[in-house]
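First the structure, in the form of structure tokens, and then the observations on it.
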Amino acid sequence: LLMKVVPPPQGYQDAFQPGAFSGAMLTVCGIQDTVLVFHGVSGCHIQASHLRSDHIPDGCYVPIIPTGITQDEIIHGGGEQLRRALREAISGSRRPACVWITVSDAIALIDDDVKGISQIVAGETGARIVFIDAPGFRGGVAKGADLAIAAIIDSFAAKDDGPGEGVSILA
């Protein structure tokens, strides 16, 4: 057998491709008096925090609380870490008007019951918690922003069953 040696590419190619969770995070981090809980591995949280860091001087500061699940928790589920992070998000002296939840790819793949856990914590605490199902593999930044806006409309806009049914205007 002969082995073919493949030389490394010349020059640097940036393979960074922010996913849908980045777009969702950038969208909700512009909404005052809210908190974002990022349920996922620490590497994805760092990516989200890094992207968001450029926006802080321009407006409000929305904290990002990571669950930072480990490899073991990816195998066995990270539901308890999510419960703790949600309770931390609403336990401060100034309760946020809303807690957003976004997830990394690993969470979407292990199928943690993020929506169910958020409903349980919301029921126990009376907090408004909105899950935005925007793992990175669902698309790019624009798709994540679309998913976040859809979740915001679904959670806050009044339902209309009259002639305007199905029409939403967000300003």
Side-chain angles (χ1 to χ4, degrees), residues 13-69 74 77-79 81-83 85-86 89-90 96-122 127-171:
Q13 292 180 334
D14 188 357
F16 175 69
Q17 295 291 321
F21 66 79
S22 297
M25 177 271 311
L26 288 169
T27 301
V28 299
C29 279
I31 302 173
Q32 282 187 311
D33 299 325
T34 65
V35 173
L36 172 64
V37 170
F38 186 85
H39 188 34
V41 297
S42 59
C44 291
H45 167 255
I46 290 168
Q47 175 188 354
S49 295
H50 173 72
L51 282 171
R52 194 281 305 269
S53 67
D54 289 344
H55 298 279
I56 294 171
D58 295 334
C60 63
Y61 174 74
V62 173
I64 300 176
I65 299 174
T67 57
I69 66 169
I74 289 174
Q81 290 76 359
L82 177 59
R83 280 193 238 342
L86 287 170
I90 59 177
C98 185
V99 177
W100 315 106
I101 304 173
T102 58
V103 295
S104 71
D105 293 358
I107 297 302
L109 292 173
I110 64 172
D111 204 24
D112 266 355
D113 186 12
V114 177
K115 192 170 190 173
I117 292 168
S118 65
Q119 289 172 340
I120 290 168
V121 174
R128 177 167 243 162
I129 301 173
V130 176
F131 171 48
I132 304 166
D133 189 15
F137 60 74
R138 288 198 64 192
V141 174
K143 177 66 173 182
D146 288 347
L147 292 167
I149 291 168
I152 292 166
I153 291 170
D154 288 346
S155 298
F156 292 94
K159 305 297 183 232
D160 186 357
D161 58 359
E165 181 180 9
V167 177
S168 294
I169 298 174
L170 181 67

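Atoms considered below: every heavy atom in the structure, side chains included; atoms not considered: hydrogens, waters and symmetry mates.
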Handout entry: Shortest non-hydrogen contact between P96 and I90, atoms and distance
Key = CD-CA, 4.2 Å
Exercise for the section: Taking the side chain as every heavy atom from C-beta outward, state whether D154 and V130 have any atom pair closer than 4.5 Å. Expected result: no
Exercise for the section: In sequence, state the C-alpha distance, the side-chain angles, and the governing distance for I101 and L86, and then conclude on side chain to side chain contact (heavy atoms under 4.5 Å, CB included). Expected result: CA-CA 9 Å; I101 304 173; L86 287 170; 3.7 Å; yes
Problem - Straight-line distance of I149 CD1 to I132 CD1, nearest 0.5 Å - result: 10.0 Å
Practice task
For the pair I152 and I31, evaluate side chain to side chain contact (heavy atoms under 4.5 Å, CB included) and give the outcome as yes or no after the intermediate values.
Solution key: CA-CA 11 Å; I152 292 166; I31 302 173; 3.7 Å; yes
Handout entry: Side-chain touch D112/L82, heavy atoms, less than 4.5 angstrom
Key = no
Practice task
For T34 and V99, indicate whether the former's side chain and the latter's backbone hold a donor-acceptor pair under 3.5 Å.
Solution key: no
Completion exercise
Rounded to the nearest 0.5 Å, the CG atom of D133 sits from the CG atom of L147 at a distance of 7.5 Å
Completion exercise
Note: S104 and F38 closest approach over all heavy atoms is CB-CZ, 3.9 Å
Handout entry: CE-CH2 distance between M25 and W100, expressed to the nearest 0.5 angstrom
Key = 14.0 Å
Practice task
Determine the minimum heavy-atom distance between Q81 and T67, stating which atoms define it.
Solution key: O-CG2, 3.7 Å
Handout entry: Shortest non-hydrogen contact from V37 toward A85
Key = CG1-CB, 3.8 Å
Practice task
Could you check if a side-chain atom of V121 sits within less than 4.5 angstrom of a side-chain atom of I129, using non-hydrogen atoms only?
Solution key: yes
Fill in the blank from the handout: CD1 (I64) and SG (C29) are apart, to the nearest 0.5 Å, by 4.0 Å
Practice task
Identify the heavy atoms of A106 and V41 that sit nearest to each other, and give their distance.
Solution key: CB-CG1, 4.2 Å
Problem - Donor-acceptor contact present, side-chain R83 to main-chain I120, <3.5 Å - result: no
Exercise for the section: Give, for atom CD1 of I107 and atom OG1 of T102, the distance between the pair rounded to the nearest 0.5 Å. Expected result: 10.5 Å
Exercise for the section: For I117 and G79, work out which heavy atoms get closest and say how close. Expected result: CD1-CA, 3.5 Å
Problem - Any donor-acceptor N/O pair, R138 side chain to K143 backbone, under 3.5 Å - result: no
